[in-house]
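In what follows, a single structure is set out as C-alpha cells and then discussed.
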Amino acid sequence: MKQNRDKGISGIELVKNREAISRLAQSSDAQQLMQLLQRGGGVQEAAQAAADGDPSELIRRMQQLMNTKEGAQLVERISRQAKESGLTGE
C-alpha cells in the first residue's frame, strides 16, 4: 500500500477503481471482446504468459483483433468507457 500512497492514490480511489474495472470487465462489450479473442483458441495460454511476464502473444492477438472492424469498434467503446470511469489519465 506504501507504493499507492507515494503515487497519491488513496484507499477510496483504489476501491472506486476496482469497482469501475469490475463493471467494465462485466460489460457486454468486454464480454464480446473476450469471445472474439477466444475464437482463435489459446487465449488462456497467452493471458497466462502475459501474467508471467511475456505479453507478446497476447499483444499479437490484440493487434489481429484491432485489424478487424468489429474488434476495433469494441476496443474503442471499452476505451471510452474506461475514460468516462476515470480509469485512464487522458
Side-chain angles (χ1 to χ4, degrees):
M1 194 66 130
K2 183 178 184 313
Q3 286 179 325
N4 294 329
R5 278 190 228 128
D6 291 344
K7 294 180 181 180
I9 298 174
S10 71
I12 294 170
E13 289 173 308
L14 288 174
V15 169
K16 286 180 183 177
N17 285 349
R18 189 175 303 139
E19 290 169 357
I21 290 168
S22 179
R23 281 191 308 274
L24 190 59
Q26 294 173 11
S27 72
S28 62
D29 286 338
Q31 297 301 314
Q32 277 185 284
L33 183 64
M34 285 305 298
Q35 288 174 356
L36 287 176
L37 281 170
Q38 290 172 345
R39 278 187 194 161
V43 73
Q44 299 293 348
E45 293 82 3
Q48 184 59 52
D52 292 340
D54 180 12
S56 61
E57 181 62 21
L58 193 56
I59 289 170
R60 185 185 69 74
R61 289 173 181 271
M62 284 299 296
Q63 287 172 334
Q64 285 178 329
L65 183 66
M66 293 282 296
N67 285 329
T68 68
K69 182 179 179 180
E70 183 181 14
Q73 289 172 340
L74 281 170
V75 171
E76 176 58 34
R77 287 196 306 263
I78 292 168
S79 177
R80 194 175 328 118
Q81 291 169 13
K83 288 175 189 174
E84 289 169 1
S85 297
L87 294 173
T88 65
E90 297 175 14

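One is the number of the first residue; the rest follow in order along the sequence.
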Hey, any chance Leu58 and Ile21 share a hydrophobic cluster, counting ILVMFWY side chains that come within less than 4.5 Å of each other, even indirectly?
->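 They do share one cluster, since a chain of ILVMFWY contacts under 4.5 Å joins Leu58 to Ile21.
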Side-chain donor-acceptor distances from residues 66-75 under 3.5 Å, at least two apart:
unit_1: Asn67; atom_1: ND2; unit_2: Gln63; atom_2: O; d: 3.2
unit_1: Thr68; atom_1: OG1; unit_2: Leu65; atom_2: O; d: 2.7
unit_1: Thr68; atom_1: OG1; unit_2: Gly71; atom_2: N; d: 3.0

Got a second to check how far Ser28's OG is from Arg77's CZ, nearest 0.5 Å?
->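 That separation rounds to 7.5 Å.
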In Å and rounded to the nearest 0.5 Å, what is the CG to OG distance from Leu24 to Ser79?
->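 If I round to the nearest 0.5 Å, the distance is 9.5 Å.
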Please name the pair of heavy atoms, one in Ala25 and one in Ala30, separated by the smallest distance, quoted to 0.1 Å.
->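 Scanning both residues, the minimum pair turns out to be O-CB, 3.5 Å.
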Using a distance-only test with no angle check, is there a side-chain donor-acceptor pair under 3.5 angstrom linking Gln26 and Ser22?
->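 Side-chain D/A pair, Gln26 to Ser22: present.
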Do you see a donor-acceptor pair shorter than 3.5 Å between the side chains of Ser56 and Asp54?
->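 There is such a pair between these side chains.
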Partner set under side chain to side chain donor-acceptor pair (under 3.5 Å) for Arg60, not counting sequence neighbours =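 Listed in chain order: Glu57, Gln64.
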Side-chain donor/acceptor pairs under 3.5 Å, residues 33-51, sequence neighbours excluded:
unit_1: Gln48; atom_1: NE2; unit_2: Asp52; atom_2: OD1; d: 3.1
unit_1: Gln48; atom_1: NE2; unit_2: Asp52; atom_2: OD2; d: 3.3

